[in-house]
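Note sheet for the following structure.
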Amino acid sequence: MMSSQVSTLTTLNNLSISTPPSTSSKLRLSSSSYHSLSQRTHIPFHVYKHPSAILLELCTSLQELRQIIPLIIKNGLYGELLFQTKLLSLFCKYGSIVEAVRVFESVEDKADVFYHTMLKGYAKNSSLEDSFSFYCRMKCDDVEPVVYNFTYLLKVIGDNSDLRRGKEIHGQLITSGFALNLFAMTSVVNLYAKCGRIDEAYKMFDRMPERDLVSWNTIIAGYAQNGHAKKALSLIVRMQHEGQRPDSVTLVTVLPAAADVKSLRIGKSIHGYVLRAGFESHVNIATALVDMYSKCGYVGIARLIFNRMRERTVVSWNSMIDGYVQSDDPKEALEIFQKMLDEGFEPSNVTIMEALHACGDLGDIERGRFLHKLLDRLGLGSNVSVMNSLISMYTKCKRVDIAAKIFENLQGKTPVSWNAMILGYAQNGQVKEALSHFSEMQSQNIKMDTFTMVSVIPALAELSITRQAKWIHGLVIRSCFDKNVFVMTALVDMYAKCGAINTARKLFDMMGERHVTTWNAMIDGYGTHGVGKAAVDLFKKMQKGAIKPNEVTFLCVISACSHSGLVEEGLESFESMKKDYGLEPAMDHYGAMVDLLGRAGQLNEAWEFIQKMPIEPGITVFGAMLGACRIHKNVELGEKAAMKIFQLNPNDGGYHVLLSNIYASASMWDKVAEIRTMMEKKGLKKTPGCSLVDLGKELHTFYSGSTLHPQSKQIYSFLETLGEKIKAAGYVPDTNSIHDVEDDVQKQLLNSHSEKLAISFGLLNTSPGTTLHIRKNLRVCGDCHKATKYISLVTGREIIVRDMHRFHHFKNGTCSCGDYWKLVQAFTFTMLPLVCKRLSLLKSRPPPFGHGFSIFQSFIRPMTESSSSNDPQNFTVSYLQNSCGLSHNSAIAASKKLLFENSEQPDSVLELLRSQGLTKSQIEKIIVTRPQLLEANLEDTLRPKMEFLKSLGFSGASMVKLVTKDPRMLDCDVVESVQLFRARGFSDEQIKGLTMKLPSLHFYNVNKIVKPKLEFFKSMGFTAEDVARIVSSEPYILERSLENHIIPCIEVLKRVLGTDENVRKVIKACYWILEYNLEKMLEPNIAMLKSHGVPENIIMNMFLAHPRTFLLRPQQITEILAEVEKLGFNPNTSLFVLAIRSMAVMSKTLWEQKVEAYKSFGLTEDQVYTAFKLQPMCMITSEKKIKKVMHFLINKLNMDASMICRNPNLLMLSLEKRLIPRSSVLQLLISSGFLKEDINIIYYLRMPEQQFVEKLVRKYKPLLPNIVNAHEGRIEFLGFPVILKS
C-alpha cells in the first residue's frame, strides 16, 4: 500500500513544473483556450458522490490529503474539475504552495476560479514577489480579477509595507470598477494604515459611501498602531454615534490605545462595556485588559483579571510578565514566568525577552544563563531581538565580556544591537570600548537614533572631557535630536560631569519639556559641584511644578546637602519623602543620610540613625559611617562600622584601607599591621590612584609615582619648582596619610601623587589662563587638595578636579567645597582691622608677602572703594532711553521709581524678557507700566515667577499676552492666590483661564476678597467642581461686592425661582447671570410678561431654559411683546415666550437675512411666518444650517414648501445625527401623507429607533393606514416589532 502511494505521488510530481510562477513564464496555449470551460460545468453524480470526494470534504490536514491523492488517481478521477478544484483549494489552505502549483499547472483548461484560488494561496502562504508575479500572470492570461483578488493582494502588500506596489494595486482596483466596493476599500484603508500613511487611510475611509464594522475596526486599528491613540479613541465615539456597536475586535484594538495615553478612566469605561456586552470570557480581550491596567500603573488589578481568566494564551502570560517588569517588580515577573513553564506553556520570543529584562534588572546571572540555554533549545538563537535582550541582560549582570562575544557572533545586527553594546560598555565603566563601538557604528553608516545618543553620551560623561562633550553636543544638533527630552537630559548630565555646571543649567533652562530625570540630573550636578544651596532651590522649584519628584530625586537632594553641609535641609527632604510623597526610602537613601550626618561631625547621631533603621543596614550605610569616622578620626565608631562591613564580606579593599588610616591617625600601628595582614590573606589590594587630563585631542593618564610618560623629566622638574612656589605662599605638606617611612620619603611620595603629576603636565602644556580639567579615579587626598588650592593661587589658573565623589573647583586659592572659603571668610571679618593697619607693610615686602597683599586687596576693595561718581539719575534716564526705547518724558517718569548705577541688573532683566519672546514694543510698554521690574531680583523673583506661570500652562504666546496685559504678574505674589484656588478644587487649566481673563485677581488680598465669595458659593450647595467652573468662566464675579451685589442677586433669583435647586441650576447653566443687576431687570420683565397674560408656570420653565431672554431692557421687552402679540401668539403657551426669545437675539437685519434664506428655497414670506408661529426657534438657526437643511428636505426627501412650513421642527434637527440616519423613515412618512400637519416630529426623531417606531405607531396609527396593518397584535414597522395594545 505504501509503495503504491509513493508511486502515485511520483506520478503527480511529474505532471507539471514545480517552480513558482513568474511574470515571464506564460503558458504556450492561446489565451482563449484557458476559458473554454464554462464557469458552471455539470458534475456527474457518480463523481460527486464518490468516496474520494467525501474524503476530501472530511480532510483536516495536509498529511490526510496526501493519503487521499493516490485513491483519486487510482480511480481515474484526477482529471475531474471537482477534484482539481478541491485539491487546489486544500493545498493552498494547508500552506503547501508547491503542491498547489503542481495541481494548477496540470490543468489544461483552467477556469478563472483556479486563478483566484491560486492567488489566494500565494497571498497567504508565499512571498509578496510570488503573489505579485502571479497577479501579473493573471492579467497576461486575460483573467478578469474579482474583488477578493485585490483584498488578498492588498493584505500581503500591507503586511510588507510596500507602498509603491500598494498604490499600483489601488489603481488596478479602481480601473476594475471596485472603487465603491466595501470590502475592497476596507482593504485599501488597511494598506495605507500599515504603510504608515494614516492620513491617506482616513481619506479613503471618509470617502466610503457605506461603512461596516470591519471598516471602522480597520481605521481605528490604523490610528492606534500608528501612535495616534487619542484619535483612535475619538473614532470609537463617532462609530457609536453612527450606529455601530464595538465588537471584540474593536475592543482588542482600542484597549492598547487607552494604555498608550495612560487613561485609567477611559480604560475603566471600556472594561465596563466589556462586562455589559458579555465579552469578559474572551481570552484576547481579558489579555488586553491585563495589558491596559499594567501600563496605567495598576498591576494589582491586572493580576486580579489574570488570575480570573479561565483560559490563557502565551500572550496573556507575556502581558502579565511585562506588567511586572514595567512596574519595577522583576522578582514577581520571574515568578510568573516560572509558573508559566510549570503549567506547560512554551515561551515565545517575547516571553524570553521580558524574562531576560527581569533578570537584568535583578542582576541574576544564574537565571540569565538558564534563559540563555532555554532560548537555544527553543531555536531562538537566530532571533536578533532576543539576542539583543540577551546582550543587555549580560551587561546589566556585569558580564560585558560574554555580551561582547554574543555581539561579535550575531548575524544581522540592528541599531538596537549596537545601542545595547555601547550602553553595556558605558554602564560597566569601559568607556574606550563604548566610544570605539560608536565610531565603528558610524563608519559602517548605521543610522543612529535617540537611544544611540542616550547610550554614548553617558560614556563621554565618564571621561569628563569638555572638548568631546561639545563634539557630541554638536552631533546631537546636526542629527536633529536636540528636541528629544531624554537626549537633552543626557547632555545636561554630561556637561555637569564634565565640570561645566553653568552650561548644564543653560541647557536645562532652554528645554521646553522636562522629564523627572532631567530635574534629577541638574540637582545631582549641583550637588557634585558642591553648590548644595542651588540644588535645594531647584528642588523647591520642582516641587511647585507639575512633575513630581521620585526616589532618585530625593537621593540627589540628600547627597547635595551632604556635600555642602546643609544638614537641616537634608533632614527635611528625607522626612518629606514619605510624609508628602508616600515614597519609601531605600538603602541608598539611608546611606546618604548617614553620610550627611557623619560629614557634619554628628557621628553619634549618625550611628543612632543606623540603629533605628527599619531595614537591615547594608554596606553602603556602614561604608558612609566608616568614611565619616576617617574624616573625624573616631576610632571606636570606625571599628564598629568596619566590623559590620567585614561581616558582609565585600571584595573592595577600600574599606580596609579606610580603617587602616583611622588606626594610623591614632598611632595604633599594631592594628594597622593586622588590617594589612587581613588584606593579604583575602588577596585584596588598594586601588592605585590614577588621574587623567585631556590635552591636544589626546587623553593622558598618570599613576602615582609613574615615570612612563614621555615628558616625565620635565613634569617632575616643573613640579619641584612649583612646590617651592606654593611653600613660599604658605603650603605645608600634610603627611597624615603616609606612615611607616621617613619624613623626606613621605614628602617625596606626596609629590608623586597622580593628580599633582596631571596638573603639572597641564600647566606645562597650556597657555596662561587656560582652565585645567583633571579626572581622578579615587577621592582626592587631603594633601593634594591643599596643594591644588595653593597652585591655583600662585599660577592664577582655574583647576577643576573630578574625583570619585564630587567636583572641586579651585580658583584663587579657594575650593568650591567650601573649607578654604569658610576659613578666609572668618579670617576676613575678624581680622579686617588688623589687616588694614598692616597693608602698607605687606605692600612693601618682597614675595610671597607682596603677592599676599594683592590677594587681600581683592577681598577688601569692595568694602573700601567708593561708588561711581556718575549721577545715578542721569545714568538711569539714559539707560531707559537707549536700551529700553522709552521716550525722554517716559524715562524721566520711570527714573523717579528706580535708580541704576550700572547696567548689569537691568540688562539681565531685559535679556530674560527677550528670551520669553517679547518684542521691543511690548517690553517698552511693560517698563512704562511697571519700571520696578528692572530692579527685581532675577533669580529670586523674576525667573521663579516665570517658571511658576509656565507650570500653570503659560508659555510662548500666552505668556507674552499675559505679561503684556498686566506686567504686575511678574512681581506680585501669585503663589498664595493659586494655592487658594487649588485648595478649592480648581485645575491649573482653570486657574490659567481666569488669570488670562482677569490678572488683577492675584493682586487682591485673597483671604479678604476672594476666599469669602468662594465660601459663599460653597454654602449655597455648589460642589467644588461647580464653583471652579463658574469662577474660571466668569472671574469678574469675584470683583463684585458680596454684600451689595452677589447676595442681592441671589435673593432675586430665590424670589423668582422659589427653590435653591432652581437657583443653582440657573447659575450653573448661565454663570454670567450674576453680572447683571437683576433687581432692575429680571423682576420688572417677569411682571410685564404676567401683565400680558403669560402663566407663571410657563414663565418659570422658560426662565430655566432661556434666562438671557429675561435680561433685556424693559423698553426692548415692550417692543418685542407688541410684535409677538401682532403675530397672534397665545400667551398661555410656551411658544409665546419662545417667540420673545427668538426675536430678542436677532436684529432687524439678521431677521431679514434669514427670511431671504428661506425664500430662496421657494417659501413665501407668509409661509416663513407660518413656520415661525409653529416653531419660533427655527429663526435662531444659523443661515448656513438653514440652507443645508432646506436643501436636504427639498432635494433628498422631496418635501414641498408648504409641507416644510407646517413641520418647522425639522429645521431644528441635526442633519448628520438625525435627518440623514432617519431619511428612509421620513420618506415613508411623507409618501403616506403623514406630515401634512405639524405633529412635533422633532420629539420622536430624538429617540432611539425602537422607541421612536413604537411611539409613532401607537400614537399616530390612524394617520398611518398605508403603513401599519389595521389588525391588533404583533406587527412590524420598518423592520422593528411593535406590540399594539387592544
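Please read these numbers as outputs of a predicted model, since none were measured by experiment.
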Look only at the side chain of [X] and the backbone of [Y], and say whether a donor-acceptor pair between them is shorter than 3.5 Å.
X      : Y      : value
Ser263 : Ala259 : no
Ser176 : Leu173 : no
Asn226 : His228 : no
Arg211 : Phe205 : yes

In Å, rounded to the nearest 0.5 Å, how long is the span from [atom1] of [X] to [atom2] of [Y]?
X      : Y      : atom1 : atom2 : value
Ile270 : Leu233 : CD1   : CG    : 6.0 Å
Leu154 : Ile169 : CG    : CD1   : 6.5 Å
Leu191 : Glu200 : CG    : CD    : 9.5 Å
Asn181 : Tyr148 : CG    : OH    : 7.5 Å
Ile157 : Arg164 : CD1   : CZ    : 9.5 Å
Arg165 : Glu168 : CZ    : CD    : 7.5 Å

Do Tyr223 and Lys230 pass the side-chain contact (heavy atoms from CB on, under 4.5 Å) test, and can you show the C-alpha distance, the side-chain angles, and the key distance before you say yes or no?
CA-CA 9 Å; Tyr223 273 109; Lys230 290 184 179 179; over 6 Å; no
Applying side-chain hydrogen bond (donor to acceptor under 3.5 Å, both in side chains), can you list everything that pairs with Lys231, at least two apart in sequence or on another chain?
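Here no residue qualifies.
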Within-4.5 Å side-chain heavy-atom neighbours: [X] and [Y]:
X       : Y       : answer
Thr1164 : Lys1159 : no
Gln1167 : Tyr1158 : no
Met185  : Val189  : no
Gln240  : Leu235  : no
Leu1163 : Met1190 : yes
Pro246  : Val254  : no
Met239  : Thr250  : yes

Crowding at OH, Tyr273 (>12 non-hydrogen neighbours, <6.0 Å)
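More than 12 within 6.0 Å, yes.
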Has Glu144 got more than 12 heavy atoms of other residues, nucleotides or ligands less than 6.0 Å from its CD?
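For Glu144, atom CD is not crowded (no more than 12 foreign heavy atoms under 6.0 Å).
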Give me the atom names and distance for the closest heavy-atom approach of [X] to [Y].
X       : Y       : answer
Met208  : Ser215  : CE-OG, 3.4 Å
Ala1157 : Ile1186 : CB-CG2, 4.2 Å
Val147  : Ala184  : CG2-CB, 3.7 Å
Val156  : Ala123  : CG2-O, 3.7 Å
Gly222  : Ala193  : CA-CB, 3.7 Å
Ala232  : Ala257  : CB-CB, 4.3 Å

Under the side-chain contact (heavy atoms from CB on, under 4.5 Å) criterion, do Asn217 and Asp247 qualify, and how do the steps go?
CA-CA 9 Å; Asn217 287 346; Asp247 65 354; 3.2 Å; yes
Between the side chains of Thr218 and Thr186, is a donor N or O closer than 3.5 angstrom to an acceptor N or O?
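Absent: no donor and acceptor within the cut-off.
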Under 3.5 Å, is there a donor-acceptor pair linking the side chains of Tyr135 and Gln172?
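Gln172 and Tyr135 do have a side-chain donor-acceptor pair below 3.5 Å.
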Step-by-step side-chain contact (heavy atoms from CB on, under 4.5 Å) determination, Phe183 to Phe178
CA-CA 9 Å; Phe183 304 107; Phe178 297 120; over 6 Å; no
Among residues at least two apart in sequence or on other chains, which ones pass salt bridge (Lys or Arg N to Asp or Glu O under 4.0 Å) with Arg245?
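Salt bridge (Lys or Arg N to Asp or Glu O under 4.0 Å) check on Arg245 returns nothing, list empty.
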As a quick check of understanding, evaluate salt bridge (Lys or Arg N to Asp or Glu O under 4.0 Å) for Lys155 and Asp159, giving each step before the final call.
CA-CA 6 Å; Lys155 183 181 184 304; Asp159 291 341; 3.1 Å; yes
Determine, step by step, whether Ser187 and Asn190 satisfy the side chain to side chain donor-acceptor pair (under 3.5 Å) criterion, reporting the C-alpha distance in whole Å, the side-chain angles of both residues, the deciding distance to 0.1 Å, and the verdict.
CA-CA 5 Å; Ser187 297; Asn190 180 61; over 6 Å; no
Is the centre of the His170 ring less than 6.0 Å from the centre of the Tyr192 ring?
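Yes, the ring of His170 comes within the 6.0 Å limit of the ring of Tyr192, centre to centre.
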